[in-house]
Protein chains: 2
Amino acid sequence: MTNLRGGDLSRLRQLNSLSALRELRGAGPLTLSALAERTGLSRPSTKDVVDELIELGWVVEVAPTAGSMGRPARRYRFRADSGYLVGIDIGAHNVRAALADLDGEVLAETRQPVLPEAPLADRLAAIERAVDGCLALSGKRMTDLWTVAVGTNGVVTREGHVVFSAAIPAWRGLDLAAELRRMFPCEVLIENDSRLAVLAESKRGAARGAGDVVFLHIGRRMGSALIIDGKLHRGYGAAAGEIAMLPEARWFDAPEHLHACPAVPADVPPEDAAGHTLAAARDGDPVALTCVERFVDDLAVGTAAMVLLLDPEVVVLGGGFSRSADVLLPPLRERLERVCMRMPEVRASTLGEECVVFGAIEYAVAHHDRHLFADDGDPGAQRSPGSSGHGSPTWTRGTG
Amino acid sequence: MTNLRGGDLSRLRQLNSLSALRELRGAGPLTLSALAERTGLSRPSTKDVVDELIELGWVVEVAPTAGSMGRPARRYRFRADSGYLVGIDIGAHNVRAALADLDGEVLAETRQPVLPEAPLADRLAAIERAVDGCLALSGKRMTDLWTVAVGTNGVVTREGHVVFSAAIPAWRGLDLAAELRRMFPCEVLIENDSRLAVLAESKRGAARGAGDVVFLHIGRRMGSALIIDGKLHRGYGAAAGEIAMLPEARWFDAPEHLHACPAVPADVPPEDAAGHTLAAARDGDPVALTCVERFVDDLAVGTAAMVLLLDPEVVVLGGGFSRSADVLLPPLRERLERVCMRMPEVRASTLGEECVVFGAIEYAVAHHDRHLFADDGDPGAQRSPGSSGHGSPTWTRGTG
DNA sequence: GCTACTTACGAAGGAGTGCTTCATTAGTAG
DNA sequence: CTACTAATGAAGCACTCCTTCGTAAGTAGC
């Protein structure tokens, strides 16, 4: 809407190329006729466009399907394998990584345990091992990577500085983007982990298709993230979602109800206490149930504030405690119904622990698409299939 | 980004026409060369485009400026006077209306007092009088109106039903859009008044140019509204901004501190009590100051929740009490600084009581532009200058 | 009042893109 | 082997934009 612009004849071709590419991207192999119908172009024009895309390396022809009437149509598909993306979840206890193609199809996943108090070098080494593992598992090389997207705990600036991280002390004040750019010879994106989680849930998880989503990260640490009007909301200073900082929201200390529950035996290690409480509540232990109720009481206050303020379509419960969503959802819904003007859907995360990694991949895919489909400048010029390796064709054409 | 589409050659012309129209719209009279430079088109093509726009009635030629070197250039301007918009603010005590041209330039304003408990018919009659007044003052006729945009208290659906209104009892459950469509032979838009206020502040008021804005409506009744990523946030069920409904946010009863302040003499009528308290606080009355402090204590809780959650660029203080922003802003800032991760700008409304009317006009302008610049279907076809009156040309061309 | 300079206008010719149309080709069905 | 179906590829046409050039309408200087 804001940046629609006319221009040259070549601009029209560009628009049509992008339109065709998008259709191929979303729908898998298509015949020329099918693509023509989807783009609204005539068949001959579609052919022109596709030929150009093939020459540029964005599209390849695949074998025609047999068994239908008439002359078999040639079929084309988006070359999702012209580049690869890596998503990384840097948590306090684990570094997870996944490698995917340009469609976001995951080809390999790894996990490297880390100690929360590990020094910076150890954590960076774990990141490198996690990515190397993905490359080895998928048989790709470092130079095949186009983008590495990273999710981590804390407030992260748009440039990739970690301003603040309660869970990972070594992180604070670090120029994480610079560290990782030294490690990976490709584009590096950094984002808050909860935000990537909500992105994943809205793309392929519990909130698929919803335009306005509130994500609750409930676990040892509490957090939240927002999708507004289909887009990740970062805020002016990239500090959105930090409602847990407000005492009146009663979020910060809420997990204490689960950690310090009298129903937990003394020999249970502190990091398993909350899980124990939730399990006991599921089994009907009245003491544990009371603790869960108190936790939900507190959780519901901040959640209600978000729901009343934003009127989202879906609220997604994620984070470590969401494994016990069956215990948490009914009382949470009940409390929200008391105060909310309009009750949103309240659902548990369907992606679980891989949420952030998937979100990182979706973030990288979206970043790639944004450049590809941007209607300013020459799209895809900074990265086209031809630009690495053969090195001949770029997107821009006819300059000479 | 999402709906960029290629297509026909005529589509390119359409894009270029819209691009030219937008430049003319934003920048006042332009010469052909200037317009060509802005749109990126060549001069001959720009001429073609402008000729077409003139034929369609969107653009007119104005007298050239004298006194410069060379042959004087012809100048063209957007025909903001090809249609008119009315913005209406339906409050509990007043109905305000303003008439503006398609650029949002206000030509006439009126106000009609109403009693809060007035029956439906009286309020509708006041609306009609307010608009008739604007028409008389500006010398326009009802048929010159393209759009009437209305702001009113309460939760309003996308279709213009009032779901709920605490301030205007007669409103509840009313199909306000239908009532007004009966009254005005043009497009009718309904929106919540706080939302229109924040729109006005973000377009021409205290938050001009900001992408993420939190608007606090503080007055006899408390409310809020959000601009997120430059757009009005409605929420899935049009119920966004209702944080005052949450007891823990301490907003709902906050005005009571000002109404029931012991510093107010008994002979002051109840509706003036809050103003009296604020005035006394400005004069240094210690009792009044305490009441104001308590009010701000409560106000800051809900505000901090919004700021922490959204990390806005600007917070705007509007509503009746914002006339005393000099008394309220310093303590509010001080409290927000204690809890917020990143402190936003906190400013007083610069539009005051006309906020909602201006917002309604901005809303109508935006609605008009959205249709005009929409890149789907044939833009402006539903309303083009030619469509009323002469009735010959429409936007679409070359169909036969 | 005349000439030189500056800037804009308008027409002509050329290139690129998309559309329609039609004969041709490569399969399946009987 | 023939009839039918659906995709292919080439030809001709229409539209939009670009570049180039000669012309027109002002101001500045003499």
Side-chain angles (χ1 to χ4, degrees), chain A residues 4-21 23 29-56 61-76 378 395-400, chain B residues 4-21 29-56 59 61-76 378 395-400:
Chain A
L4 96 170
R5 251 175 28 205
D8 211 333
L9 275 290
S10 66
R11 169 111 180 96
L12 187 59
R13 164 57 65 96
Q14 194 188 57
L15 250 50
N16 283 330
S17 291
L18 292 175
S19 172
L21 196 53
E23 293 299 333
L30 288 174
T31 68
L32 222 46
S33 307
L35 185 58
E37 194 180 348
R38 281 164 176 264
T39 55
L41 292 171
S42 71
R43 251 183 39 86
S45 301
T46 311
K47 179 68 162 59
D48 270 8
V49 166
V50 168
D51 283 348
E52 189 179 282
L53 288 172
I54 289 176
E55 196 184 337
L56 291 169
E61 190 172 344
V62 298
T65 45
S68 64
M69 281 289 241
R71 178 173 178 169
R74 302 167 73 169
R75 287 160 69 237
Y76 305 90
D378 46 351
W395 187 277
T396 20
R397 53 199 299 277
T399 48
Chain B
L4 96 170
R5 252 175 27 205
D8 210 332
L9 274 294
S10 66
R11 168 113 181 93
L12 187 60
R13 164 56 68 94
Q14 194 188 57
L15 250 51
N16 283 329
S17 291
L18 292 175
S19 173
L21 197 52
L30 289 174
T31 68
L32 221 45
S33 306
L35 186 57
E37 193 179 350
R38 280 164 177 264
T39 55
L41 291 171
S42 71
R43 251 183 38 88
S45 301
T46 310
K47 180 68 162 60
D48 270 8
V49 166
V50 168
D51 282 349
E52 190 178 280
L53 288 172
I54 289 176
E55 196 183 337
L56 291 169
V59 166
E61 189 173 345
V62 298
T65 45
S68 63
M69 280 288 242
R71 177 174 176 168
R74 302 167 72 169
R75 288 159 69 236
Y76 304 89
D378 46 350
W395 188 278
T396 20
R397 53 198 300 278
T399 49

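Every chain is numbered from 1 and lettered A, B, ... according to where its sequence line falls, protein lines coming before strand lines.
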Q. side-chain contact (heavy atoms from CB on, under 4.5 Å) with Arg38(B): which residues, sequence neighbours excluded?
A. Glu23(B), Ala27(B), Leu30(B)
Q: Determine the sole option in Val62(B), Val59(B), Leu53(B) for which the side chain to side chain contact (heavy atoms under 4.5 Å, CB included) test with Tyr76(B) is passed.
A: Val59(B)
**Q.** Nearest-Å distance for atom pair CZ/C1', residues Arg75(B) and dC9(C)
**A.** 17 Å
Q) Who are the side chain to side chain donor-acceptor pair (under 3.5 Å) partners of Ser33(B), not counting sequence neighbours? A) none
Q: Starting at atom CD of Glu37(B), determine the distance to atom C1' of dT7(C), rounded to an integer number of angstrom.
A: 14 Å
Q) Does any pair with a residue in residues 64-75 of chain A pass salt bridge (charged side-chain N to carboxylate O under 4.0 Å, His left out), and if so which ones, sequence neighbours excluded? A) Glu61(A)-Arg74(A)
**Q.** Spacing between Leu30(A) atom CG and dA7(D) atom C1', to the nearest angstrom
**A.** 15 Å
Q.
Rounding to an integer number of Å, can you tell me how far Arg13(A) CZ sits from dC19(C) P?
A. 10 Å
Q) When you check every protein heavy atom under 4.0 Å of nucleotides 18-30 of chain D, what one-letter string (B, S, -) results, 5' to 3'? A) SB----BBBSS--
Q | Residues forming a salt bridge (charged side-chain N to carboxylate O under 4.0 Å, His left out) with Glu37(A), sequence neighbours excluded | A | none
Q.
Applying side chain to side chain donor-acceptor pair (under 3.5 Å), can you list everything that pairs with Ser45(B), at least two apart in sequence or on another chain?
A. Ser42(B)
Q: Mind calculating the distance between CZ (Arg11(A)) and C1' (dG18(C)) to the nearest angstrom?
A: 17 Å
Q: Would you mind reading off the distance between Asp51(A) atom CG and dA10(D) atom P, rounded to a whole angstrom?
A: 11 Å
Q) Nearest-Å distance, CD (Glu52(B)) to P (dC15(D))? A) 13 Å
**Q.** Asn16(A) side-chain N/O to dG18(C) phosphate OP1/OP2 under 4.0 Å
**A.** yes
Q) Taking only N and O in the side chain of Lys47(A), is any of them less than 4.0 Å away from OP1 or OP2 of dG9(D)? A) yes
Q | Whole angstrom value for the distance that separates C1' of dC17(D) from CG of Leu15(B) | A | 14 Å
